[in-house]
Amino acid sequence: MTWMESFRTSWSAVYSHALRSMLTILGILIGIAAVILTVGLGLGTQLDVSAQISSLGSNLLIVAPGSSTSTTGTRGGFGTSATLTIKDAEALSSTVNAPDISGVAPESTTSLSLTANDTNWTTTVTGTTTAWTSVRQRTLARGSFFTQAQADASAAVVVLGSETADELFGTQNVVGQSVVISDKTFQVVGVLATAGSDSSSNLDDVAIVPFSTAATALVGGTSSNAVSTIYLQAASDTQLSAAYQEADALLLNLHSISSTDDADFTISSQDALVSTATAVYQTLTILLTGVAGLSLLVGGIGVMNIMLVSVSERTREIGLRKALGAPPWAIRRQFLIEAAILGLSGGILGAVIGVVAALTLPAVIGSSIVVSPLAVGLSIGVAIAIGIVFGVYPATRAAKLAPIDALRSE
Amino acid sequence: MVEPLANPFAPLPAPQAAVLSAALPAHPWVLEADAAGPVIELIDAGKTYRSGTIEFEALKGINLAIHEGEYVAIMGPSGSGKSTIMNILGCLDTLTRGQYRLGGTDVEELDEIELASVRNQQIGFVFQGFNLLSSLPAWRNVELPLVYGHVPREERRKRASRALERVGLGDRLDNKPGEMSGGQQQRVAVARALVGEPTMILADEPTGNLDSVSTRDVLTLFDELNALGRTIVLITHELEVAQRARRIVWVKDGAIIRDEVNAA
Ligand SMILES: Nc1ncnc2c1ncn2[C@@H]1O[C@H](COP(=O)(O)OP(=O)(O)OP(=O)(O)O)[C@@H](O)[C@H]1O
Ligand SMILES: [Mg+2]
């Protein structure tokens, strides 16, 4: 019996029980499509997050309060200790002590209610310096950013995010209008161009004021000099590590800390953020793929179940074929091919549906799905393997039937 | 493996047996060399069926020798063990006592694959039930032994239709068993037994479902095959049918009670 012959026999068995075969194939199909989609979604989200972090700027360093050294664990939660102040930012701005740092943008953020005419809107009010636009790589849609003179004078001026302007005024054409923040009237001098949102916040719903103004008029008290983050821009990509060294040394010195292990601040680069985020999403992807893989396993058990039914239903046929001279291997092959056909059909259909879903879903759910050819190829391979693995037992059972017992069975 | 004869139904010049054995390449397990010895030999053959604790001795140590080219009828009442003997001869079942020598070889020494090959090449079996595959058309049922005998597809179709024509079903090639009468189905089963040109034909009640005309046709076919040198063993209830054979073996309660050359 040739392979072609075995294939024909198996195919006609699959074909003559079309409905049953379809249902079995469905089990595999769902598993394969789920694996392709979860892997794709995981990869897509990883790329999205990396892209967002990259949009921060490639030569950016981020200084945050609190320590996260490996030996001591996280000491002081992220942003909970006010260990960074505007003094640190000023020191880092020194071209003598930190020649490789070209821009420093400290940020102190507070959630406050803004009022324009009769409209209220609560948003994140950020106090910063004039270097902010270049360090954060933001541009203005209207008006201009506040000037150094306005900053020095603690002027009551504000730059609004595009959404904030929309919410307060219903338009973005608001330069020259007034906004009341904490009972103090601010003049709108500019509106930021749209930037989307990063993983944690909406970049278009912000209000930016000079740091000095925020410190005196909005925050007050002991924490008025505290900053939540200092963004540092290295003069170039190649100077990033030099900038890191300088910032580290300078801050340790300022804080009178002798060992890096005891640092009360953390400096991270974009690369570090990307790899942290990637690691998180990778873990998530592996987890979800595991779940999808389980459904594939269930599909495989479905194949085995149907193959066992097929064998017991066709015991007489098996007996007859053996009586007419079919050797055990021919019977085994016939049932293995049958199982492989079920697996392969499920694999191919599942891959097609998975890929189609991966191409159409992003428009609906808003996150990218990356179809990896490797995942598609692998899942089809896995589908065939599942068919065969779960087909081996039923096929072997069929091959072992004694001809006379098989012929006598009803 | 067996060289197909140009026309299996054309009469062969005498002495047929010699010509036929020359045409058949010797199998390691078929005693072509010892042409004088019996092709089928049961020695003190016993068969005890066991189902749970219940035992039933269906064959009580029988001795039977059939030579190549013989035409033997096995007769006996229902339940006497005829089908049991046939299943043993067809290598479908095994003895629980004694020996079955096929062509001089003890079949117990053959492995599964060799047994499959023996069933495929040496034996044409007509079952008491028709045992046709209901999903396949007549010719596909008939070609089954050839599928396992490595005959090419084109050749198979040709030989299957020739065999069906020979049993008078040349116009029913594409009918499925469900679309045929009992007699026609029985003839499909006979065609399937012939198609591989086996050296032995074992037929369990081949005329049990046939009317007198079909019965005569099938028996004429057996006569012709026997004339070509094929060994034929058939089981029947009807003395009329048994009398076409040259030897009649009477079985009762799992034992051979009479073994006679047919006088008629
Ligand atoms: N698998 C089995 N298990 C137990 N007993 C069996 C089995 N097969 C047959 N027998 C018994 O063995 C005896 C012989 O059965 P067998 O089928 O050989 O009879 P038979 O001569 O062919 O009868 P019939 O003419 O009705 O076909 C019967 O009594 C039957 O009940
Ligand atoms: Mg019987």
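Throughout, protein chains are lettered first and strands after them, A, B, ... in sequence-line order, and every chain is numbered starting at 1.
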* Asked: Can you find a pair of side-chain heavy atoms, one from A/Leu320 and one from B/Arg192, that are under 4.5 Å apart?
  -> yes
* In terms of heavy-atom pairs under 4.5 Å with chain A, which of B/Leu146, B/Leu132, B/Val151, B/Asn120 leads? -> B/Asn120
* If you draw a 6.0 Å radius around OH in A/Tyr15, do more than 12 non-hydrogen atoms from other residues or ligands fall strictly inside? -> no
* Looking at B/Tyr148 and A/Pro327, what are the two nearest heavy atoms and their distance? -> CD2-CD, 4.2 Å
* Find the distance between CG (B/Asp93) and CG (A/Asp405) and round it off to the nearest 0.5 Å. => 7.0 Å
* Structure fact -> Closest heavy-atom pair, A/Pro403 versus B/Arg119, reported as atoms and distance to 0.1 Å, is CG-NH1, 3.8 Å
* To do: Measure the spacing between CD of A/Glu5 and NE2 of B/His150 and express it to the nearest 0.5 Å.
  => 11.0 Å
* **Heavy atoms of other groups near B/Glu154 CD, more than 12 under 6.0 Å** => no
* To do: Can you measure from CG (A/Leu407) to CG (B/Asn87) and round to the nearest 0.5 angstrom?
  => 8.0 Å
* Asked: Under 4.5 Å between any side-chain heavy atoms of B/Leu92 and A/Arg408, yes or no?
  -> no
* Do NZ/NE/NH1/NH2 and the carboxylate oxygens of A/Lys400 and B/Glu112 come within less than 4.0 Å? -> no
* Structure fact -> dist B/Cys91:SG -> A/Lys322:NZ (nearest 0.5 Å) comes out at 13.5 Å
* Asked: Top residue by heavy-atom pair count (under 4.5 Å) with chain A, among B/Leu136, B/Leu144, B/Leu133?
  -> B/Leu133
* Asked: Tell me, side chain or backbone of A/Ala402 under 4.5 Å from chain B's heavy atoms, or both, or neither?
  -> neither
